[in-house]
Amino acid sequence: MHHHGRAQAGARPNDPFRRRLRPPPRQPSRKQLHCHVVKFGFSSDIYIQNTLMNMYAARGCLTSACQNVTPNEIALVNVLTACARARDLETGKRLFGEMPERNLFCWNIMIKGHVEDSDYKEALRLEIIVRDRCRFHHFRDGCCSCKDFCGVGPNSHTFPFLLKGFTRDDAVAYGDELHAHVLKFGLSSNAHVRSALLRMYAVSGAVDTARELFEKSPERDVVSWNAMISGYNRSNMFEESCGLFTAMAGESVMPTATTYVLVLSACAKMKGLECGRQIHGRLMNGNLLPDLRLENALIEMYGQCGDLDSAWRLFQDMQTRDVISWTAVVVGFAKSGEIDRARALFDRMPERDRISWTAMIDGYVRAGRFKEALHVFREMQAAAVWPDEFTMVSLLTACAQLGALEIGEWARAYMERNGIKMDIAVGNALIDMYSKCGQVDNAVEIFRRMHRKDKFTWTAMISGLAVNGHGEDAIDLFSQMVETSVRPDEVTYIGVLTACGHAGLVDEGRKIFSSMIAVHGIMPNVTHYGCLVDLLGRAGRLEEALETINNMPMKPNSAVWGALLGACRVHGNLEMAELAAKHLVELQPHDSAAYLLLCSLYANRNKLEEAHKMREMIMVKGIKKEPGCSLVEMNGEVHEFVAGDRSHPRTGEIYTKLEEMIKELKRAGYVPDTSEILHGAGEEEAANAAIYQHSEKLAVAFGLISSRYGVAIRVVKNVRICIDCHNAMKFASKIYRREIVVRDRRRFHHFRSGSCSCKDYW
DNA sequence: ATAGGGTTAG
């Protein structure tokens with residue numbers, strides 16, 4: 001993953017730091033003024049010339065400014081400063097190159113310019129050159145022997161410039177060396193330099209080193225307290241943030257607005273509503289309100305803590321609102337499950353920036369409304385607002401859930417093309433997207449290319465391998481993870497245990513299960529027990545599975561009994577199946593899945609009377625099945641089908657193809673199996689008609705008419721695939737020579753030339 | 001007439 005230059009960044013309509021550019025001053029007479037100056041012969045006066053040039057420079061007319069300058073040190077410094085302000089590094093570099101004399105001031109400005117342009121390598125080189133130019137002048141105690149020329153070498157301005165905007169990677173790579181330079185030049189007692197160093201360590205995740213620096217500081221001003229609190233926020237150590245806030249008072253350091261913003265942000269993250277309310281009270285008592293930044297932070301805090309009434313009241317009472325205030329309430333509603341209200345507010349926003357758009361997309365993702373998330377992304381593009389890595393994470397999450405591989409791949413290419421940073425979160429989202437689209441090889445490729453991995457990276461990859469049927473690889477990866485001393489969490493363990501189940505590695509699974517507590521101190525939850533039951537049941541060790549359920553420290557849930565029932569069905573243990581089904585029905589009386597599985601088992605064992613009775617009972621009780629729904633992505637569009645769907649624009653063609661497909665499948669030996677479908681005696685015909693219209697069959701028929709020969713068809717289902725569709729897919733993959741990938745609620749089915757990767761166990 | 005440290009989404 002290479003990083004492109006951020007040359008486009010400056011041209012983005014939304015400034016990354018939301019700095020509002022001041023409205024341009026009226027400039028009707030600039031040219032006239034210039035002519036006037038030339039006409040009256042003032043142009044030789046250096047003071048007037050500089051003023052003129054400043055005028056151009058201040059208005060961002062750098063080219064004019066440069067053209068009208070007779071090189072003179074002060075003038076050049078002024079234009080260079082203007083270049084930095086206008087973020088025009090190119091002009092700055094040219095000017096710098098033409099300078100006869102370059103004082104430390106200029107070097108510092110150039111460092112600033114490069115850092116702002118994300119060119120840290122060049123910025124560091126410049127800092128070293130400062131050192132190099134002075135190497136012969138014997139720095140001691142931060143002073144250079146040559147006082148006439150280079151003054152004091154790298155000074156207290158140099159390091160803040162250089163350290164500002166350091167990314168985590170830069171901080172890790174250069175941090176210690178820079179710290180050594182600071183010490184060498186005797187700048188470590190400077191408050192600005194110390195705060196900048198502190199921030200750098202916090203950014204690199206070395207919050208303990210930052211704290212050490214903080215503790216050792218001879219005097220700690222409010223900015224260093226703020227930097228420290230910000231560091232704890234960054235490391236998700238919110239209690240420590242609040243602790244520092246309290247400790248400030250003990251040392252009589254007055255908090256600033258920034259302090260309050262930081263602490264309120266910590267309250268928001270740790271859902272500390274009480275703490276947040278106290279700060280709100282303090283702000284009111286201290287007459288610190290109204291203040292836009294503080295009000296925004298309060299809205300954010302109340303929104304995140306779920307106190308929407310307070311957030312909304314604050315928002316309504318505000319005298320002036322900016323885009324951040326609007327975004328904060330939109331996020332508040334979205335996170336409280338009121339996504340439609342969030343959308344209504346979003347539509348009323350007077351101005352939307354990248355963060356508001358991303359918040360809306362993310363809101364839809366959280367609400368599970370993934371197609372709408374994609375739609376908002378398209379609207380964002382139509383509004384010419386540039387996405388960033390945060391937007392892309394949300395987009396990729398939506399793609400993952402929808403199985404929208406084409407859009408996901410487009411997103412990846414888009415990021416490369418537009419130089420959007422591929423950070424850990426983006427990498428993790430890509431791994432997840434590829435895994436959930438059944439493209440585990442691509443997921444592995446991303447995983448290999450990530451030079452930094454966190455526990456989410458490992459977990460995503462392990463689960464991805466597991467669910468796609470690469471159990472052994474997943475287990476290998478888990479060992480590697482433990483070796484690299486990344487601590488697994490409970491989600492990681494679900495991934496590994498699933499892997500053991502799919503690979504049929506019972507003993508390995510048992511061992512891993514016990515290592516959970518013994519090695520990592522993680523108490524298994526009900527889902528882990530479900531994995532263990534599944535693992536044992538799959539291997540045919542039904543008694544052990546039941547024993548596990550009976551010895552569980554918590555009440556088994558439907559997934560646990562479901563796993564046992566599934567195992568009983570495959571291994572034909574009717575007695576235990578009845579037991580499992582009884583429990584399952586108790587837990588989910590309105591879901592037909594358990595009844596239907598039991599029906600299918602009765603039918604297989606030729607207990608037709610029981611099967612019939614069971615069906616009658618379902619009918620009488622009016623038990624409904626969760627409606628099945630299938631998604632299939634074609635040409636960047638996600639198409640949705642429910643059973644018997646006729647809403648698709650190409651519905652006529654789809655049903656013609658479906659009919660033809662069923663005929664061809666039958667010719668190849670496919671026999672419909674209605675055992676998992678609800679029907680009364682003598683209603684075989686109707687049942688057949690119903691299974692022919694299952695959503696995944698419609699999705700595949702649509703896939704066949706809308707894509708070229710040989711293209712894989714990927715379907716995402718919300719519920720478990722039924723036995724008949726599973727069978728039909730096997731035949732279809734063979735006679736149409738297509739790879740068909742169906743992701744159901746629990747796992748992947750990769751159908752290739754007549755067989756399925758799940759080996760008929762699911 | 002010229003620079004500096006702390007501020008919000010995954």
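First the proteins, then the strands, lettered A, B, ... as listed; each starts at 1.
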Could you tell me how far apart [X] ([atom1]) and [N] ([atom2]) are, to the nearest whole angstrom?
{"X": "I420(A)", "N": "dG10(B)", "atom1": "CD1", "atom2": "P", "answer": "17 Å"}
{"X": "I299(A)", "N": "dT7(B)", "atom1": "CD1", "atom2": "P", "answer": "21 Å"}
{"X": "M360(A)", "N": "dG10(B)", "atom1": "CE", "atom2": "P", "answer": "14 Å"}
{"X": "N155(A)", "N": "dT2(B)", "atom1": "CG", "atom2": "P", "answer": "18 Å"}
{"X": "L163(A)", "N": "dG5(B)", "atom1": "CG", "atom2": "P", "answer": "10 Å"}
{"X": "L197(A)", "N": "dG4(B)", "atom1": "CG", "atom2": "P", "answer": "18 Å"}
{"X": "E295(A)", "N": "dT7(B)", "atom1": "CD", "atom2": "P", "answer": "21 Å"}
{"X": "D388(A)", "N": "dT8(B)", "atom1": "CG", "atom2": "P", "answer": "14 Å"}

Just wondering, do R234(A) and V207(A) contact through their side chains at under 4.5 Å, heavy atoms?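 Contact flag for V207(A)/R234(A) side chains = no.
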
Taking only heavy atoms on the protein side, list every residue of residues 232-254 of chain A lying under 4.0 Å from any atom of DNA chain B, sorted numerically.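 Residues of residues 232-254 of chain A under 4.0 Å from DNA chain B: R234(A).
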
Just checking [X] against [Y], ring centres under 6.0 Å apart?
{"X": "Y364(A)", "Y": "H375(A)", "value": "no"}
{"X": "F159(A)", "Y": "H192(A)", "value": "no"}
{"X": "F346(A)", "Y": "W357(A)", "value": "yes"}
{"X": "W225(A)", "Y": "F245(A)", "value": "no"}

Check every atom of [options] against the side chain of [X] and return the nucleotide holding the closest atom.
{"X": "S265(A)", "options": "dA3(B), dT7(B), dT8(B)", "answer": "dT8(B)"}
{"X": "D423(A)", "options": "dG5(B), dG10(B), dT7(B)", "answer": "dG10(B)"}
{"X": "S230(A)", "options": "dG5(B), dT7(B), dG10(B)", "answer": "dT7(B)"}
{"X": "H157(A)", "options": "dG4(B), dG10(B), dG5(B)", "answer": "dG4(B)"}
{"X": "N190(A)", "options": "dT8(B), dT7(B), dG4(B)", "answer": "dG4(B)"}
{"X": "T81(A)", "options": "dT2(B), dG5(B), dT7(B)", "answer": "dT2(B)"}

Base, sugar-phosphate, or nothing: which does [X] touch, judged by heavy atoms less than 4.0 Å apart?
{"X": "R366(A)", "answer": "sugar-phosphate"}
{"X": "A359(A)", "answer": "nothing"}
{"X": "N428(A)", "answer": "nothing"}
{"X": "T358(A)", "answer": "nothing"}
{"X": "A297(A)", "answer": "nothing"}
{"X": "V426(A)", "answer": "base"}

Less than 4.0 angstrom between a side-chain N/O of [X] and OP1 or OP2 of [N], yes or no?
{"X": "K164(A)", "N": "dG4(B)", "answer": "no"}
{"X": "K112(A)", "N": "dT2(B)", "answer": "no"}
{"X": "K269(A)", "N": "dT8(B)", "answer": "no"}
{"X": "R199(A)", "N": "dG5(B)", "answer": "no"}

Tell me whether [X] is salt-bridged to [Y], with the criterion being a basic N under 4.0 Å from an acidic carboxylate O.
{"X": "D423(A)", "Y": "K421(A)", "answer": "no"}
{"X": "E215(A)", "Y": "R220(A)", "answer": "yes"}
{"X": "E379(A)", "Y": "R343(A)", "answer": "yes"}

Between CE on residue M270(A) and CD on residue E239(A), distance to nearest 0.5 Å: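 M270(A) CE to E239(A) CD: 4.5 Å, rounded to 0.5 Å.
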
Do [X] side-chain and [N] base share a donor-acceptor contact under 3.5 Å?
{"X": "S394(A)", "N": "dG10(B)", "value": "no"}
{"X": "N226(A)", "N": "dG5(B)", "value": "no"}
{"X": "N108(A)", "N": "dG4(B)", "value": "no"}
{"X": "D221(A)", "N": "dG5(B)", "value": "yes"}

If you measure from the ring centre of H192(A) to the centre of the six-membered ring in the base of dG4(B), is it under 5.5 Å, with the planes under 30° apart?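 It does: the two rings, one from H192(A) and one from dG4(B), meet the stacking criterion.
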
